[in-house]
Asks: 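Below is the structure I would like to discuss, written out as structure tokens.
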Amino acid sequence: MDILSGYNREKSNLVSILQAFQHELGYLPEDIILRVADYLRISPATVYSVATFYPRFKFVPSGKKVICACRGTACHVRGGGRVLREIEKQLGIKAGETTPDMEYTLETVSCMGACVLAPAMMVDDEIHGQMTPAKVSEVLDGE
Amino acid sequence: MNEISLNIDGRKVTAKPGMTVLEAALENGIYIPYLCYSPDLKPHGGCRLCIVEIEGMEGMPTACTTPVAECMVVRTSTPDIDDVRCNILELILADHPLDCLTCVKNQRCDLQKVAAYLGISERILPHNDRNIPVDDSNPFFKIDRNYCILCQKCTRTCDEITCANAIEVISRGYESRIGTFGDKPIMESNCQSCGECVVSCPTAALTIKESAVPAYEVETTCPYCGVGCGMYLGVRNGKIVAVRGSDSKANSGKLCVKGRFGIAGYVHSEERLRSPLIKKNGKFVEASWDEALSLIAEKLSSYPKEQVGIISSSRCTNEDNYVAQKFCRLVLGTNNIDHCARLCHAPTVAGLAQTFGSGAMTNSIEDISEADCIFAIGSNTTEAHPVIGMNVKQAVRRGTKLIVADPREIDLVRFADIWLRHHPGTDVALLMGMIKVIVDGKLHNIDFIKERCENSEAFMESLKSYDIDFVERITGVPREQVIAAARMYAAGNPSSILYTLGITEHSHGTDNVIAIANLAMVTGNIGKRGSGVNPLRGQNNVQGACDMGALPNVYVGYQSSTSPETKKKFEAAWGGNLSIEKGLTTPEMFNGACDGTFKALYIIGENSVLSQPNSNHVIKALSSLDFLLVQDIFLTETAQLADVVLPAASFAEKDGTFTNTERRFQRVRKAIEPVSGSLADWEITCRIAEAMGGKGFDYENTSQIMDEIAALAPCFGGIKYERLESGGLQWPCPNADHPGTPILHTKQFACGKGKLTPLKYRPSEELPDADYPLILTTGRRLFHYHTGTMTRKTEGLNIFMGRERVQINPADAAKLGLNDDDAIKVISRRGEVEAGVEVTRVVPPGVVYMTFHFAETPTNMITSCAVDPVTQTPEYKVCAVKIEKSVCL
Ligand code: SF4
Ligand code: SF4
Ligand code: SF4
Ligand code: FES
Ligand code: FES
């Protein structure tokens with residue numbers, strides 16, 4: 001892997017390097033974080049701190065499909081919580097987890113910017129609005 | 001500098017430029033509530049409790065981030081401000097346990113203090129119990145995030161002060177917390193366990209596990225390494241219950257893991273010696289002091305005086321060492337006294353005395369960080385001198401360039417601009433090669449060489465033999481790196497050199513030191529702040545033991561023992577006949593013991609069996625003696641061989657002084673009574689002296705001993721206990737008005753002109769071959785000290801490192817089929833030892849690294865007997881070994 005060779009050892013490259021690895025591997029495994037830390041001569045905790053600050057970085061491999069439920073206020077008051085519970089039930093995993101067959105990863109966000117469509121959920125990059133628990137299986141199956 | 005005057009709450013106050021409003025207020029006795037401010041850290045502005053109103057400024061600026069300005073008008077408390085503060089605090093308290101009465105931080109908690117100031121005594125918002133599991137993986141402190149207010153003082157401390165960055169704020173939003181890489185227990189991180197973060201935490205989120213509020217505190221000096229950190233021992237019911245750094249110039253409040261957590265464990269160890277022991281029929285039996293003393297007096301008087309000697313101790317105080325050498329010279333009648341500087345920095349003393357005229361660190365710890373460029377060679381500073389290591393890293397963060405020369409990828413490498421990974425033992429070639437690059441590039445300081453040095457022509461001529469091809473071939477360092485390092489060092493104005501035993505413990509140790517001195521002279525890096533040749537002395541008082549004349553060739557203050565005038569002077573002062581024969585060094589005493597020409601030895605506080613090279617030879621020597629007396633705080637491996645053992649008091653139980661690596665005399669103060677049955681080392685030596693009829697050993701206290709030292713040694717003439725009350729004094733300090741000498745050789749060298757000295761590269765004595773293919777190099781680790789007699793009494797330090805793990809490169813490990821923690825035998829021509837394995841890229845292929853901290857793995861069984869011809873310092877840093885897998889069950 002010579003992602004690193006594309007960057008000089010300036011600490012300001014940290015986020016770009018992490019992004020490149022995230023893109024390449026879909027997540028940031030520990031040994032990659034250690035290598036990046038070593039390369040930039042900073043502590044692994046510092047790399048981890050920066051990486052955990054940005055929601056886009058993952059630390060475990062994601063499933064083939066990433067399902068995202070909204071926990072924002074607009075969605076919450078319109079029953080987003082029930083939608084999330086239904087997704088959890090159907091996939092058999094909790095938010096933040098991945099199904100053992102590596103098919104689905106379930107995440108939550110605090111707003112998708114689709115509040116008019118609340119409650120909202122997303123499958124990969126596609127938003128599904130005005131969700132109800134009943135519609136969950138439809139959305140999941142439809143994929 | 002002009003003072004700034006401003007108005008705070010209607011009071012006219014003054015402040016220094018650069019101060020913040022918060023600092024100005026606090027300094028003038030005006031309290032502004034704060035939680036994230038610390039005088040040791042950069043302003044953070046996170047908690048927002050210190051908000052104030054300032055006329056002409058919008059809103060409510062934070063006092064901790066706002067610099068003072070002339071005529072500023074500040075209000076620290078208005079209804080609006082207090083309203084905001086109360087809101088902030090209520091939010092914090094919503095998450096906080098509020099069990100103040102039973103909390104270990106009760107009455108010492110900043111949150112409590114702020115709440116009291118704001119008049120908040122109960123939780124107003126609904127309680128949000130966080131219920132985060134406590135991380136108590138570290139043996140010394142625990143992390144309870146339920147009490148955390150996210151002020152980030154700990155992470156900023158670990159960043160700005162320790163420079164370890166073991167902990168950071170991880171995650172975001174409501175989830176943010178203090179955590180390590182991967183959010184793992186702190187023991188699995190790169191935390192050095194210095195405890196600095198714990199000290200900084202304003203709440204009970206970070207607390208020391210075993211600690212109590214002391215009844216009183218005594219300021220003293222750390223007994224471990226040569227940094228000589230000032231510390232307070234907190235005592236309660238006769239026990240040390242807390243240790244904290246004091247604001248000594250050596251450490252400015254910082255401590256490392258050994259100083260902070262490694263004291264009470266050994267001072268209060270069950271294994272402390274409590275009675276004199278006499279060996280009868282091969283077994284130790286307890287004896288009274290009188291019985292032991294009369295036996296010792298009888299024995300020590302019964303041999304010809306050239307067959308008797310003393311090995312004194314760099315762990316003991318100056319006063320202990322002074323009395324030991326006085327006893328040796330006056331009562332035993334011989335100059336046969338030595339101590340472990342023979343094993344470490346004797347080449348420094350010899351090499352620097354020859355080139356500069358004085359064998360000590362030229363500059364002060366404080367000014368190292370003012371260097372433009374630091375060149376650390378053969379110094380694993382972070383582990384061996386941790387607090388100086390912190391200073392170096394802080395300097396690098398502020399822009400100082402760092403060159404590291406070390407075969408191992410030590411922690412400092414991560415901070416280095418250039419890392420020279422030279423082959424062990426090739427320092428002369430590397431350093432002289434750098435000098436040649438500097439001279440060829442006309443980067444040398446011609447004026448300095450002309451005015452302050454001599455022998456430059458012959459020296460310049462001698463550089464011819466160090467052309468870059470040769471240097472590259474011998475050292476294994478690519479030429480570009482040698483050139484870049486030479487240029488970087490020469491460009492620094494000033495540049496400072498730090499080195500330790502990686503330079504001295506070679507069969508060409510004195511040459512290595514001279515090469516360093518040459519490099520500094522050629523570039524004029526001597527005699528000014530931030531420059532110099534700075535040998536970091538290993539033990540707490542190894543500088544002092546040399547200074548006090550626990551050496552065969554010099555009396556106290558480096559006065560030659562073979563000079564008739566010195567002899568006359570001391571005969572007059574001490575009232576007795578003195579020998580003018582140069583005494584025996586430690587290796588000479590051991591060799592003499594083996595041949596039967598040396599009969600009786602008095603060892604004070606040294607565990608020679610584990611610390612001297614080639615232990616078999618040492619054991620043979622000690623067992624061949626007619627009489628061996630050992631005085632120590634524990635029954636060490638060496639004491640076990642003795643005929644008589646005397647119980648000594650620890651540093652916490654006695655008065656005296658230690659002299660740290662920067663030549664600073666610092667007080668050691670008695671904090672607790674000696675363990676019953678034990679006495680301070682100087683008292684014991686005085687009793688033996690008196691039992692042998694010696695006169696002039698009736699000191700009432702150590703201050704009297706210091707007065708005698710000051711009267712007899714011109715360079716310590718101004719050292720007096722009263723003057724040491726307010727910080728230490730750096731010698732030379734010739735008289736009572738002299739302020740001490742932070743920097744040596746400012747106007748001229750101690751010997752007049754500096755001597756540029758041509759050198760010849762000599763390879764190490766024992767190089768690897770087909771039978772013994774690996775180079776063994778030895779050194780220290782952060783969590784233990786020397787032969788472990790003290791550190792291994794602290795359980796927590798053993799948890800960090802409980803046994804020897806030989807560092808070996810993955811390539812060599814693969815060849816030998818070794819994995820982490822496999823049991824192996826390391827074998828040299830002299831013997832073999834058993835140990836575990838740590839497979840790591842820290843060591844280069846072909847090199848293995850071991851410590852001598854563990855009696856179970858007596859590494860010095862296998863180290864070489866090769867010595868530096870000038871000082872007889874052993875070559876601990878290079879010998880040839882092979883490794884075999886142990887067949888274990
Ligand atoms: S103990 Fe020292 S190294 Fe460890 S986290 Fe605290 S400050 Fe950092
Ligand atoms: S652990 Fe202590 S110092 Fe660190 S952020 Fe929390 S309260 Fe502040
Ligand atoms: S750096 Fe040295 S003197 Fe300071 S606390 Fe640590 S061991 Fe003691
Ligand atoms: S709150 Fe759910 S999309 Fe904005
Ligand atoms: S002390 Fe000023 S913001 Fe915390």
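We name chains A, B, ... by the order of the sequence lines, and we start the count at 1 in each one.
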Asks: Could you tell me which portion of A:F53 (side chain, backbone, both or neither) has an atom closer than 4.5 angstrom to a non-hydrogen atom of chain B?
Replies: both
Asks: Counting distance only, does the side-chain N/O of B:R172 pair as donor-acceptor with the main-chain N or O of A:T52 below 3.5 Å?
Replies: yes
Asks: Let me confirm one number: the OG1-CD1 distance from A:T46 to B:I167, rounded to the nearest 0.5 Å.
Replies: 10.5 Å
Asks: Are there over 12 heavy-atom neighbours, none belonging to B:R841, within less than 6.0 Å of that residue's CZ?
Replies: no
Asks: Where does B:D159 contact chain A at under 4.5 Å (heavy atoms): side chain, backbone, both or neither?
Replies: neither
Asks: Using a 6.0 Å cut-off, check whether atom CZ of A:R41 has over 12 heavy atoms from anything other than its own residue.
Replies: yes
Asks: Ignoring hydrogens, what is the shortest heavy-atom contact between B:T180 and A:Y48? Give both atom names and the distance.
Replies: O-CD2, 3.5 Å
Asks: For atom NZ of A:K135, decide whether the heavy atoms of other residues, nucleotides or ligands shown that lie under 6.0 angstrom number more than 12.
Replies: yes
Asks: For atom CZ of B:R414, decide whether the heavy atoms of other residues, nucleotides or ligands shown that lie under 6.0 angstrom number more than 12.
Replies: yes
Asks: A quick test of your reading: do over 12 heavy atoms of other residues, nucleotides or ligands sit less than 6.0 Å from CG of A:D101?
Replies: yes
Asks: Where do A:S43 and B:A166 come nearest, in terms of heavy atoms and distance?
Replies: OG-N, 4.5 Å
